[in-house]
Amino acid sequence: IQTEQTAVLFRHVNVLSRAGGKRMVLDLDIEEYDSSYPQYRISDTAAEAHYYNNRGTDYLKNNDIENAFLYFRKALALQPDQAFLWVNMGVLYLRYGHNQEAEAAFLRSLELDSSEITAISNLQRLYVLQDNSELANYYKQEAERSRMKNPYYRYYLAMKLLDDNQPDTALKHIDWD
């Protein structure tokens, strides 16, 4: 979920079950389910943390700051070493003007995962808001460097360039090794 100023992470979880010898996927949003996406098992605690995080993002989307905070806090209590959870708490702080707390949450996220692109992007936005051009430029460069390693982003750029009738430049994003 992204606004002009911030980006929040909503992580999708589904359940794999066996009934009568058949494998079944239980998903609240089955239209979005794609078996080709990487799948892995998570603990019950991780699933619960995802639940609280996703509910928190719903509350944040609806500007219910109190419940968003409570649900993000519960997710962090369950899994304090998950970088993306710190990003979402930071976004909540940032959207409601608690810039020091937002910065601390984003930096904690990067301590846990130095490649967490949403933490990097949100820090860049925070420093722009604070007129700290040195740090804003640093995190802008870090975000661009990270995005350029992402094949989905490169594909997006290539498609955009094709739409702009620039096929030679688009090819550079497809064949970028």
What is the distance from atom [atom1] of [X] to atom [atom2] of [Y], rounded to the nearest 0.5 Å?
X	Y	atom1	atom2	result
Lys172	Leu157	NZ	CG	13.5 Å
Leu161	His173	CG	NE2	5.5 Å
Phe84	Thr118	CZ	OG1	10.0 Å
Asn63	Arg95	CG	CZ	8.0 Å
Asn53	Gln82	CG	CD	9.5 Å
Thr57	Asn88	OG1	CG	7.0 Å

* **Residue pair Met89, Leu92: steps toward the side chain to side chain contact (heavy atoms under 4.5 Å, CB included) verdict** => CA-CA 5 Å; Met89 183 62 92; Leu92 174 72; 4.0 Å; yes

* Would you name the heavy atoms of Val128 and Ala136 that are closest together and state the gap between them? =>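 The answer is CG2-CB, 3.7 Å.
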
* When you look at CG of Asn62, are more than 12 heavy atoms from neighbouring residues, nucleotides or ligands closer to it than 6.0 Å? -> yes

* Asked: Are Tyr96 and Tyr93 connected in a single hydrophobic cluster, I mean Ile/Leu/Val/Met/Phe/Trp/Tyr linked by side-chain heavy atoms less than 4.5 Å apart?
  -> yes

Donor-acceptor check, side chain of [X] to backbone of [Y], threshold 3.5 angstrom: yes or no?
X	Y	value
Asn150	Tyr152	yes
Trp86	Asp81	no
Arg154	Lys149	no

* CA sep, side-chain torsions, deciding dist, call: Val87, Asn122, side chain to side chain contact (heavy atoms under 4.5 Å, CB included) -> CA-CA 8 Å; Val87 170; Asn122 282 315; 3.7 Å; yes

* **Set of side chain to side chain donor-acceptor pair (under 3.5 Å) partners for Ser133, sequence neighbours left out** =>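 Counting only residues at least two positions away or on another chain, Ser133 forms no side chain to side chain donor-acceptor pair (under 3.5 Å).
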
* Quick one: side chain to side chain donor-acceptor pair (under 3.5 Å) partners of Tyr59, sequence neighbours excluded? -> Arg55

* Can you list every pair that meets side chain to side chain donor-acceptor pair (under 3.5 Å) and has a residue in residues 64-77, with sequence neighbours left out? ->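 Qualifying pairs: Asp64-Asn67.
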
* Which residue pairs pass the side chain to side chain donor-acceptor pair (under 3.5 Å) test when at least one of the two sits in residues 135-147, sequence neighbours left out? ->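 Matches after skipping sequence neighbours: Ser121-Arg147, Glu142-Arg145.
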
When the side chains of residues 97-111 are checked against the rest of the protein, which donor-acceptor pairs come out under 3.5 Å, sequence neighbours left out?
from, atom 1, to, atom 2, distance (Å)
Glu103, OE2, Tyr127, OH, 2.4
Arg108, NH1, Glu111, OE1, 3.0
Ser109, OG, Ala83, O, 3.0

* To do: Determine whether Leu129 and Leu94 make a side-chain contact, defined as any pair of heavy atoms from C-beta on separated by less than 4.5 Å.
  => yes

